[in-house]
Amino acid sequence: MRTIRDLDTVELIIDAQGLLDSIRGPERVIDAGTLRALQQSGNYVVGLFDGEDGSERMVGASIAFFGEPGKRTMHSHITALLPEYRGRGWGRELKEHQRQWAFSREVGRVTWTYDPLVARNAHFFLTVLGARVTSYTVNRYGIFGGGDAGDESDRLDVEWSLADIARPPASEAVLATVQIPTDVEAMRVSDPDAAHQWRLRLRADIEEQLGKGLRIAGFDTERGYLFTA
């Protein structure tokens with residue numbers, strides 16, 4: 001049995017900090033004090049717990065905070081699952097929980113950023129969840145450890161319109177495609193130089209298509225990013 005619930009005790013907050021540290025590496029994504037402050041001020045701070053073996057264990061967490069009051073938005077800072085729990089649909093359950101939580105508080109849109117080189121996230125965010133790419137930024141956070149493993153931190157900004165889920169573009173509407181590696185995260189471990197070259201190649205390809213006035217309208221696991229007018 002698995003549950004999703006608020007991280008409303010110091011002990012759970014510290015567990016969540018440790019979970020995120022184990023997933024994201026040496027660069028801390030968010031500290032326990034900030035998590036506690038976000039939770040106590042009414043933001044979205046939850047954990048996903050696995051109790052299938054009889055002893056409950058936190059295996060995922062999701063943190064989001066409210067945006068500008070007039071825009072009815074939230075920004076999703078991080079949603080993460082332990083690697084061994086991915087591919088089961090549990091990440092989608094976490095995001096659906098976040099969606100319903102936002103709806104109940106009259107929030108209509110959730111935003112976040114992600115590394116455009118990570119294919120599993122591109123598929124999940126754009127194809128499964130139906131979020132829309134709104135902009136592209138080169139080296140958004142500078143060079144740090146974490147998921148980028150010391151490389152530059154290019155990012156796509158996405159917006160999840162909770163009552164208007166995006167659909168994949170029609171085949172005839174796709175004017176260009178840009179491929180990415182199947183698993184850049186493994187490549188960063190086995191061949192970081194090759195991963196960096198992919199960063200530079202993808203940057204040039206995205207900027208070329210955006211320069212033509214096209215936009216990223218979806219993602220396909222075979223063809224990569226789908227660009228339309």
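For this chain, numbers begin at 1 and follow the sequence in order. Keep in mind it's a predicted model, so treat the numbers as computed, not measured.
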Can you tell me how far apart CG (Leu19) and CG (Leu81) are? Round to the nearest 0.5 Å.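 Spacing of CG (Leu19) from CG (Leu81) equals 8.5 Å.
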
From CD (Glu96) to CG (Leu162), nearest 0.5 Å: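 If we round to the nearest 0.5 Å, Glu96:CD and Leu162:CG are 9.0 Å apart.
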
Do [X] side-chain atoms and [Y] backbone N/O form a donor-acceptor pair below 3.5 Å?
X: Arg199; Y: Glu152; answer: yes
X: Ser153; Y: Tyr141; answer: yes
X: Thr134; Y: Asp157; answer: yes
X: His75; Y: Thr111; answer: yes
X: Asp154; Y: Asn139; answer: yes

Just to verify, what does Arg223 make a side-chain hydrogen bond (donor to acceptor under 3.5 Å, both in side chains) with, not counting sequence neighbours?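 Partners of Arg223 under the side-chain hydrogen bond (donor to acceptor under 3.5 Å, both in side chains) test: none.
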
Measure centre to centre between the rings of Trp101 and Phe66, then say whether the value is under 6.0 Å.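 Aromatic pair counts; centres sit under 6.0 Å.
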
Write down the atom of Met187, the atom of Ala194, and the distance for their closest heavy-atom approach.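 Smallest interatomic distance, heavy atoms only, reads SD-C, 3.8 Å.
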
What is the minimum heavy-atom distance between Ala163 and Phe103, and which atoms define it?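 Taking Ala163 first and Phe103 second, the nearest heavy atoms are N-CZ, 3.9 Å.
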
Is there a side-chain hydrogen bond (donor to acceptor under 3.5 Å, both in side chains) between Ser62 and Gln98? Walk through the geometry before answering. CA-CA 8 Å; Ser62 185; Gln98 184 184 86; 3.2 Å; yes

Indicate every side-chain donor-acceptor pair of residues 206-217 with a distance under 3.5 Å to a residue at least two apart or in another chain.
none

